Protein chains: 2
Amino acid sequence: MDAQLQTPGLVRGEGLTAWRQIADALTADIAAGLYAAGQQLPTESALAARFSVNRHTVRRALAALAEGGLVRASQGRGTFVEGAPLSYPIGTRTRFSEIVSGAGREAWGDLLAAATVPAAPEQALALALTPGAPVLELHTVHRADGAPLSTALTWLPLPRFAGFGEAYAARGSITRAFAECGVPDYTRMSTRVRARPADAQEASRLDITPGRVVLVVSSVNVDPAGVPIQANRTLFAADRVELVIGG
Amino acid sequence: MDAQLQTPGLVRGEGLTAWRQIADALTADIAAGLYAAGQQLPTESALAARFSVNRHTVRRALAALAEGGLVRASQGRGTFVEGAPLSYPIGTRTRFSEIVSGAGREAWGDLLAAATVPAAPEQALALALTPGAPVLELHTVHRADGAPLSTALTWLPLPRFAGFGEAYAARGSITRAFAECGVPDYTRMSTRVRARPADAQEASRLDITPGRVVLVVSSVNVDPAGVPIQANRTLFAADRVELVIGG
DNA sequence: CACGATTTGTTCGTATGTATG
DNA sequence: TCATACATACGAACAAATCGT
């Protein structure tokens with residue numbers, strides 16, 4: 001008998017499919033701390049050997065765990081145990097990079113797309129512009145230790161922040177990009193929170209399955225003079241974060 | 001000319017695409033109150049006939065409106081105008097009854113169940129009790145104009161609030177029940193926000209279908225002396241409210 | 001429970017206008 | 001002028017969800 005892996009043979013014909021038994025066994029292993037949060041699970045081939053089943057059966061089990069948010073498969077890298085949700089404080093000085101690195105994880109933001117678009121009524125209102133005025137729209141993904149934690153659409157008024165996209169792509173941080181654009185400090189004015197299922201594009205950016213729940217946080221940042229400089233709509237994978245208010 | 005529907009023909013070749021003109025026309029109709037919140041829009045076929053375009057073109061316009069949250073399409077039922085969600089401020093002096101009546105709606109809370117239970121570790125921590133100490137657990141539903149807006153589990157330390165259940169059932173308000181129990185004022189200490197699909201019981205209490213998204217707001221209230229008096233886990237139907245932080 | 005009617009969702013194919021080089 | 005690419009628009013058929021009978 002193996003000391004670390006208790007792997008009784010699968011029971012066939014008792015009403016539990018093989019993949020379900022494998023999923024239950026892996027869930028127990030994770031709950032027992034055998035695989036820690038963030039740690040990579042054995043490869044599908046290794047698990048197939050351990051349970052003496054075809055790799056397809058292991059994949060079915062892992063898909064069930066991923067569906068429940070317990071693990072996350074990443075193509076070409078492996079399957080990883082999801083950690084406890086990150087506490088994400090919402091306040092007047094909310095900074096993604098500070099929150100994530102304060103939790104001992106490495107923060108980085110990727111710029112997916114940048115475009116000049118006419119301001120929709122919603123953004124115009126938030127930024128105190130006239131509707132249709134040109135704004136810079138950025139699509140970004142924010143990662144903690146490489147895993148996507150949130151994805152955002154942000155809008156910045158335009159002639160002022162023309163170089164923001166390049167600055168953000170180079171620095172990987174809103175705070176540092178603002179500093180490069182001559183805004184040494186900023187504070188969050190208003191924050192609104194909603195929740196809904198993710199659509200296909202949002203899900204792919206967050207590396208979750210479509211239909212999983214996302215928290216939608218809409219906020220406006222202002223510079224020290226009180227001028228709105230950034231409207232934001234950030235999506236968090238709901239089972240990876242917990243928003244903390246007034247901490 | 002039609003008295004209720006002003007439908008000038010679409011202007012082709014002037015730089016505005018057909019779907020954009022249709023989206024603008026429908027937006028104006030909704031803004032003008034022609035289609036009220038919650039009301040069903042004409043079917044895609046009917047709109048296609050009204051604007052003399054293909055159904056695809058109407059769908060493109062409706063997709064743009066849905067993107068902005070103005071309408072919601074539901075397969076097999078129709079396309080409906082979204083009502084503005086209730087803005088629910090989260091702060092140190094959050095009061096359900098004040099928020100709802102401030103929005104011009106009648107607030108009332110129903111007591112569904114009350115029981116004395118041993119404090120689970122989570123509630124014990126929040127209320128600064130030893131785990132297993134007796135607490136009063138209340139199941140409540142909170143309504144605005146009769147429609148359920150949220151449902152909550154609340155825990156109160158016991159012997160101090162032995163009469164709270166009866167007071168709440170009679171008053172329909174946490175604030176007034178506290179007043180009756182000798183706590184004239186209280187403030188909210190910490191608030192945590194998560195989101196997930198509703199289970200069957202939660203859905204039935206909120207009068208939504210199981211699987212719809214709920215916002216889970218966990219909070220702790222303290223009396224003027226700073227003593228924790230109430231731990232809370234409130235579920236909001238996510239498409240009926242918008243949490244507002246720091247307004 | 002079955003069925004049909006209604007309505008939105010999806011996928012073919014085709015044609016046209018516009019911008020680019 | 002020609003070639004190409006792309007978004008727009010139209011047409012037809014079918015799939016899927018919902019609702020009433």
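First the proteins, then the strands, lettered A, B, ... as listed; each starts at 1. Just so it is clear, the structure is predicted and the values come from calculations on it, not from any experiment.
Judged by distance alone with a 3.5 Å cut-off, a donor-acceptor contact links the side chain of B:H56 to the base of C:dT11.
Between B:N54 and D:dG11 there is a side-chain N or O to OP1 or OP2 distance below 4.0 Å. One finds no side-chain N or O of B:T79 lying less than 4.0 angstrom from the OP1 or OP2 phosphate oxygen of C:dT7.
Looking at heavy-atom distances under 4.0 Å, B:R59 makes contact with a base.
Interatomic distance, B:L26 CG to B:L70 CG, rounded to the nearest 0.5 Å: 9.0 Å.
One finds a salt bridge joining A:R160 and A:D223 here, because a Lys/Arg side-chain nitrogen approaches an Asp/Glu carboxylate oxygen to under 4.0 Å.
In this pair, B:F96 and B:H142 present their aromatic rings tilted. The plane angle is within the 30 to 60° band.
Between B:W19 atom CH2 and D:dC10 atom P there is a gap of 14 Å when expressed in whole angstrom units. Taking atom CG on B:L47 and atom C1' on C:dT7, their separation rounds to 12 Å, with Å as the unit. Rounded to whole angstrom, the span from the CG atom of B:L41 across to the P atom of C:dT7 amounts to 13 Å. Rounded to whole angstrom, the span from the CG atom of B:L62 across to the C1' atom of C:dG9 amounts to 12 Å. Rounding to whole angstrom units, CZ of residue B:R72 and C1' of C:dG9 are separated by 16 Å. Atom pair B:R55:CZ and D:dA15:P shows a separation of 15 Å (rounding to whole Å applied).
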Nucleotide by nucleotide, 5' to 3', does protein get under 4.0 Å of the base (B), only the sugar-phosphate (S), or neither (-) in nucleotides 16-21 of chain D, counting heavy atoms?
BBBS--
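The six-membered or imidazole ring of A:F164 lies near that of A:F178, with a centre-to-centre distance under 6.0 Å.
Nearest heavy-atom pair, A:P157 versus A:P228, reported as atom, atom and distance to 0.1 Å: CG-O, 4.2 Å.
Sorted by first then second residue, the side chain to side chain donor-acceptor pair (under 3.5 Å) pairs that include residues 72-86 of chain B, not counting sequence neighbours, are B:R72-B:E82, B:S74-B:R77.
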